[in-house]
Amino acid sequence: MTEGEGQFYSVQVGDSTFTVLRRYQQLCAIGYGAQGIVCSALDTVLGIPVAVKKLSRPFQNQTHAKRAYRELVLLKCVNHKNIIRLLNVFTPQKSLEEFQDLYLVMELMDASLCQVIHMDLDHERMSYLLYQILCGIRHLHSAGIIHRDLKPSNIVVKSDCTLKILDFGLARTACTNFMMTPYVVTRYYRAPEVILGMKYKENVDIWSVGCIMGEMVKGSVIFQGTDHIDQWNKVIEILGTPSLEFMNRLMETVRNYVMNKPQFPGVSFNELFPDWAFPSETEHDQIKTSQARDLLSKMLVIDPESRISVQEYLVICKMMERHTTLFIVSWGFSLITELIYKEVMDWEERNKNGVLKEECLGESLV
Ligand code: AMP
């Protein structure tokens, strides 16, 4: 099916108007994110349910524009069973001059991890979910992408326990505190390196996985800071004041602040995650409980040098490397708008020519 003029129709979703290709019917709001609204829909061409995400004027400011461009480029390239798959991209506007809205069509999942994380999960389901997060993360790392902002709202699941990561986290140069939307940024899962503005490596994402696992076990958020500063307070109150050696690696201003905090001894992992918090039906579960607690104690470590690391990956995708390097460059607005528009046109062109295949990364990585 060629999708040209007259192929669009408009429908009101909350206080937003979705102008989508006619093939997408029965739109229904399912989620709200930093960038816009997400709807479920029926793709009448493929006969499958899909998720349609509207990015309204993605280039309204530098932060939005960079994020939209990065997400679009990476979604087009990444192909892995634990990363959400992009099925289509379109804009109802017909020229770069008119370009306003960007729509991403993705496979539809059943719920976000937020809705599942506090359920009574057995060891098997819990470890399967965590395993899939790690597979997705490992794939991103292998492509040179370090997420740094992994959280339950950015992870979606299906009732068969399959899981996919929705986004690619913080761009290297992203200004993380500046958002023009009323959307509240969740920082509970951010690693000490991110909170304190330190150098980071792949195991920055292990911290977030540890927070998610801990929350699955405990049934509540582990480090629930009320703001950026309080996030650090919660971490040291629970895990204890970090070593002097760690503090010496901080920027001077941050170090002064961190060193002037009261000293905390921290809580033991047995206390933090008591036996009763873990699922336990059989005797064998006792072993799993101690293994799970042991894993938590290796993930939730303030100093990344002592935290367990993700394996080093041999395969680095050349194309990804190219794109991630691009993000370091500071762009002007018009250039980003043009780049996003080109990506949409490129998608349509490739679609027309039937060349929409896995171009960058194969499933073989994990
Ligand atoms: P996002 O704007 O990508 O952060 O998504 C906001 C919310 O929409 C998520 O937290 C999910 O609840 C929901 N959502 C996004 N994409 C999907 C999808 N492909 N399938 C199911 N739900 C989704």
Side-chain angles (χ1 to χ4, degrees), residues 13-16 18 20 23-43 46 48-61 63-76 78-90 101-119 129 132-133 136-137 140 145 147-171 174 176 179-190 208 211-212 215 221 340:
V13 181
D15 50 16
S16 175
F18 268 58
V20 296
R23 66 187 280 182
Y24 303 113
Q25 293 289 328
Q26 301 169 19
L27 267 70
C28 181
I30 52 166
Y32 296 84
Q35 297 159 290
I37 303 179
V38 183
C39 280
S40 64
L42 174 69
D43 180 349
L46 296 177
I48 54 164
V50 291
V52 182
K53 177 160 148 181
K54 178 184 177 184
L55 278 71
S56 254
R57 297 204 305 118
F59 32 82
Q60 61 186 275
N61 66 48
T63 310
H64 275 246
K66 278 189 183 178
R67 199 186 156 98
Y69 182 67
R70 181 171 186 262
E71 181 168 348
L72 179 55
V73 168
L74 296 180
L75 269 174
K76 278 172 77 176
V78 172
N79 175 30
H80 185 268
K81 56 183 177 300
N82 300 120
I83 309 288
I84 203 79
R85 198 154 70 93
L86 186 66
L87 301 172
N88 202 358
V89 183
F90 61 85
D101 305 313
L102 174 67
Y103 291 84
L104 307 179
V105 182
M106 296 161 287
E107 50 192 332
L108 179 69
M109 302 291 278
D110 293 330
S112 97
L113 193 62
C114 298
Q115 294 153 272
V116 174
I117 197 164
H118 297 155
M119 284 181 177
L129 291 173
Q132 292 176 90
I133 300 177
I137 282 296
L140 293 184
I145 304 162
H147 196 292
R148 293 189 293 148
D149 198 26
L150 202 63
K151 52 191 164 196
S153 60
N154 290 341
I155 297 171
V156 277
V157 289
K158 264 193 169 165
S159 52
D160 63 1
C161 216
T162 50
L163 172 150
K164 290 171 202 277
I165 298 170
L166 276 181
D167 74 337
F168 301 96
L170 304 176
T176 56
M179 279 275 176
M180 294 267 287
T181 60
Y183 179 83
V184 181
V185 181
T186 306
R187 297 194 177 86
Y188 308 151
Y189 308 87
R190 289 193 182 166
S208 311
C211 293
I212 292 171
E215 189 169 331
V221 177
I340 297 175

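Residues take their numbers from the sequence shown, with the count starting at 1. Just so you know, ligand 1 is whichever comes first in the structure, and atom 1 is the first atom listed for that ligand.
- Although no hydrogens or angles enter the test, the distance criterion places a donor-acceptor pair under 3.5 Å between the side chain of Gln115 and the main chain of Ser112.
- Residue contacts with ligand 1: Glu107 is placed with a nitrogen or oxygen under 3.5 Å of a nitrogen or oxygen of the ligand (distance criterion only).
- Counting heavy atoms under 4.0 Å from ligand 1, residue Asn154 touches it through the side chain alone.
- Counting heavy atoms under 4.0 Å from ligand 1, residue Ile84 touches it through the side chain alone.
- Ligand 1 has an N or O atom lying under 3.5 Å from an N or O atom of Ser153, backbone or side chain.
- Applying the salt bridge (Lys or Arg N to Asp or Glu O under 4.0 Å) test to every pair with at least one member in residues 160-170, sequence neighbours left out, gives these pairs: Arg67-Asp167, Glu107-Lys164.
- Side-chain atoms of Asn82 come within 3.5 Å of backbone atoms of Leu163 as a donor-acceptor pair (strictly under, hydrogens ignored).
- Note on Asp110 versus Lys158: no salt bridge recorded, every NZ/NE/NH1/NH2 to OD/OE distance being 4.0 Å or above.
- With ligand atoms numbered from 1 in the order given, ligand 1 contributes 18 (C), 19 (N) to contacts under 4.0 Å with heavy atoms of Ala51.
- Aromatic pair Tyr24/Tyr103: ring centres not closer than 6.0 Å.
- Using a 4.0 Å cut-off to heavy atoms of Lys53, the atoms of ligand 1 that qualify are 1 (P), 2 (O), 3 (O).
- At least one heavy atom of Val156 sits closer than 4.0 Å to an atom of ligand 1.
- An N or O contact shorter than 3.5 Å is missing between Leu108 and ligand 1 by distance.
- Atoms of ligand 1 found under 4.0 Å from any heavy atom of Gly33, numbered from 1 in the order shown, are 2 (O), 4 (O), 6 (C).
- In the candidate list Leu113, Asp110, Val38, Val38 is nearest to atom 14 (N) of ligand 1, counting heavy atoms.
- Side-chain atoms of Ser40 do not come within 3.5 Å of backbone N or O of Ala51 as any donor-acceptor pair.
- Every atom of ligand 1 is numbered from 1 in the order shown, and the set under 4.0 Å from a heavy atom of Gly31 is 7 (C), 8 (O).
- Near Ile30, meaning under 4.0 Å from any of its heavy atoms, are these atoms of ligand 1: 21 (C), 22 (N), 23 (C).
- Contacts of Asp149 classified as side-chain hydrogen bond (donor to acceptor under 3.5 Å, both in side chains), with partners at least two apart in sequence or in another chain: Lys151, Arg190.
- The shortest distance between side-chain heavy atoms of Phe168 and Ile83 falls below 4.5 Å.
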